There are 2 protein chains.
Amino acid sequence: MNEAAVLQLRNAISHFVKMDDADWALLLPYLEERQLSKQELFAKEGKVSLDIGFLLNGNMRHYYTRDGEEKTKYFYFEGHFVSSYISCIRQQPSELTIEAMTDCTLLVFRYKDLLKLYDLSHKWERFGRLVAEYLAIGLEERMTGLLMLSPEERYIQLLESNKQKIIERIPQHYVSSYLGITPVSLSRIRNRMAKK
Amino acid sequence: MNEAAVLQLRNAISHFVKMDDADWALLLPYLEERQLSKQELFAKEGKVSLDIGFLLNGNMRHYYTRDGEEKTKYFYFEGHFVSSYISCIRQQPSELTIEAMTDCTLLVFRYKDLLKLYDLSHKWERFGRLVAEYLAIGLEERMTGLLMLSPEERYIQLLESNKQKIIERIPQHYVSSYLGITPVSLSRIRNRMAKK
DNA sequence: TCAGTACGTTAACTTAAGATAAGAAATAAG
DNA sequence: CTTATTTCTTATCTTAAGTTAACGTACTGA
């Protein structure tokens, strides 16, 4: 097992809860490293997601399928968790697919093992709470943006956010999809903005 | 303290976690009943929210303010929790205002007391996790609706959902706001649909 | 009771997004 | 290097939402 990788994960988790060695040791046996090649899937629409990943290297995206089209709605970067978490929680088939945009390296553990940790340790349960709260905060922010802002305002907000990497590293038609508009429309917005 | 009301709350909470009497007793000292008259506020934009309510009677709505206009984005009904939860969690000023649409009766406790319960009891911590997960699931659902569906489709989805009460009991301009469109636009959509 | 307000609909006009297609630019593959 | 593919832009046309305003109805409070 890659020690540096494990340390990186521990660091990310301690962002939510500081784990002592005993608590941390509970997770270790469940960790495994996984490589994904570009375009391989981490979660698949219609299948119940079982795994939670921690992205060591590469980017991923998740998308929904509608009318045969892939609607990209989120991006994952190094140092962050990757999962069709809602599918794990609900134990229902995932509505989204998570795909590697580049070759990726992850540390992976199973949601069912995380549930074991929740039972064993109050601290891990707290971690679960804080992660879910963090997720809710992010979703709330995204949602109010969608409800309150025009596509152009959403694009500006994205430009000004800490998610700039989304724009820099990611094909524009994925960004437009993220904003909930067509690539053509985003191109027009950019054109409009450039003229000001 | 109204015993029936407390029982109703206990029942709602047991929907997330079954509490034994000892765990349940931890919350009791913090409960208080509160009456709100129509148009009184439960949470206010710009103020850090401190309270979590359980709605025994009446309806409430929450709204954001933008360009001087109130944008209603959520409705609360009897038997559900009411809170600017994100504000509580983050200990940041609320971006939304929660207003009683009718005279309301609530059971109220403070978020800071809930945090005490989290510390004291693994079961209450689990409750916190499950509530946050539940919240995230709801937000995710709403968000994908906004990203993937047209206003008309969102309205149809709402009609077909278990949130029908929203439409039945609530002024139409609030509904349109909930859908992210203008009242005029919703009126047109309804007109269009009636003709089919 | 009666005036004032709030709410929903309709209409006319403006604005911008969606769909489609064509072409340019950038990237990847042989 | 050349070709093929993907990505982005531009243009045209269609569609629907936003804006504003007028009108009718229902509700509210003095």
Side-chain angles (χ1 to χ4, degrees), chain A residues 37-40 58-59 61 63-73 75 99-103 145-159 165-196, chain B residues 37-40 59 61 63-73 75 99-103 145-159 166-196:
Chain A
S37 304
K38 188 174 175 176
Q39 295 193 332
E40 275 193 280
N59 325 308
R61 68 182 177 112
Y63 61 84
Y64 299 80
T65 310
R66 187 168 159 86
D67 305 328
E69 264 187 293
E70 294 175 3
K71 307 278 188 179
T72 300
K73 297 309 174 191
F75 305 101
E99 184 198 87
M101 298 175 70
T102 62
D103 292 353
L146 288 167
L147 277 168
M148 310 280 291
L149 303 177
S150 69
E152 179 158 348
E153 288 170 317
R154 292 205 293 276
Y155 180 61
I156 292 168
Q157 191 189 52
L158 182 63
L159 284 173
K165 351 175 201 178
I166 289 181
I167 306 142
E168 288 159 18
R169 292 162 66 174
I170 283 177
Q172 199 165 304
H173 64 286
Y174 289 161
V175 175
S176 66
S177 192
Y178 178 84
L179 292 168
I181 58 180
T182 61
V184 176
S185 193
L186 177 56
S187 182
R188 279 189 290 225
I189 286 170
R190 285 162 54 85
N191 185 319
R192 236 180 288 157
M193 285 172 55
K195 283 181 184 156
K196 284 176 189 165
Chain B
S37 304
K38 189 174 176 179
Q39 294 195 332
E40 277 195 277
N59 323 309
R61 66 184 180 113
Y63 61 85
Y64 299 80
T65 310
R66 188 167 159 83
D67 307 327
E69 264 186 292
E70 294 175 3
K71 306 278 188 180
T72 300
K73 296 310 175 192
F75 304 99
E99 184 197 87
M101 298 175 72
T102 62
D103 293 353
L146 287 166
L147 278 168
M148 310 280 289
L149 303 178
S150 69
E152 179 159 347
E153 288 169 317
R154 293 204 291 278
Y155 180 61
I156 292 168
Q157 192 189 51
L158 182 61
L159 284 175
I166 289 182
I167 307 145
E168 288 161 17
R169 291 164 65 172
I170 282 177
Q172 199 165 303
H173 65 286
Y174 288 161
V175 175
S176 66
S177 193
Y178 178 85
L179 293 168
I181 59 179
T182 60
V184 176
S185 194
L186 177 55
S187 183
R188 277 190 290 226
I189 287 170
R190 286 162 55 85
N191 184 319
R192 235 181 288 155
M193 284 171 55
K195 283 180 183 157
K196 283 172 190 166

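Proteins get letters first, then strands, A, B, ... in listed order; numbering begins at 1 in each. Keep in mind it's a predicted model, so treat the numbers as computed, not measured.
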Discussion item. Can you give me the bend angle of the helix from C/dT1-D/dA30 to C/dG30-D/dC1? Use the axis through the first five pairs and the one through the last five, nearest 10 degrees.
Written reply: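 That helix has its two terminal axes inclined by roughly 50°.
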Worksheet item: Looking only at atom types and distance, does a side-chain atom of B/S37 sit under 3.5 Å from a main-chain N or O of B/E40, one as donor and one as acceptor?
Response: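 No; zero donor-acceptor contacts below 3.5 Å.
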Worksheet item: Would a distance-only check, ignoring hydrogens and angles, find a side-chain to backbone donor-acceptor pair under 3.5 Å from B/S176 to B/H173?
Response: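 Yes, because the side chain of B/S176 sits within donor-acceptor range (under 3.5 Å) of the backbone of B/H173.
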Discussion item. Reading DNA chain C from 5' to 3', where do the contacts with chain B start and stop? Cut-off is 4.0 Å to heavy atoms.
Written reply: C/dC7 to C/dA12
Looking at side-chain heavy atoms only, is the closest gap between [X] and [Y] below 4.5 Å?
| X | Y | value |
| --- | --- | --- |
| A/M148 | A/E153 | no |
| B/M101 | B/F75 | yes |
| A/L147 | B/K71 | no |

Practice prompt. Start with the C-alpha gap between B/Y178 and B/R61, add the side-chain angles, then the distance that decides, and say whether side chain to side chain donor-acceptor pair (under 3.5 Å) holds.
Written response: CA-CA 10 Å; B/Y178 178 85; B/R61 66 184 180 113; over 6 Å; no
Atom of [X], atom of [Y] and distance for their closest heavy-atom approach:
| X | Y | result |
| --- | --- | --- |
| B/E152 | B/M193 | OE2-CG, 3.7 Å |
| A/T102 | A/N59 | OG1-N, 3.1 Å |
| B/R154 | B/L179 | NH2-O, 2.8 Å |

Worksheet item: Taking protein heavy atoms under 4.0 Å as touching, what does nucleotides 11-30 of chain D look like 5' to 3' if B marks base contact, S marks sugar-phosphate-only contact and - marks none?
Response: BB----SBBB----------
Discussion item. Distance check needed: D/dT7 C1' versus A/R190 CZ, whole Å only.
Written reply: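 Going from CZ in A/R190 over to C1' in D/dT7 covers 12 Å.
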Worksheet entry | Passing candidate, side chain to side chain contact (heavy atoms under 4.5 Å, CB included) with A/S177, options A/T182, A/T72, A/L186 |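 Among A/T182, A/T72, A/L186, the one that satisfies the side chain to side chain contact (heavy atoms under 4.5 Å, CB included) with A/S177 is A/T72.
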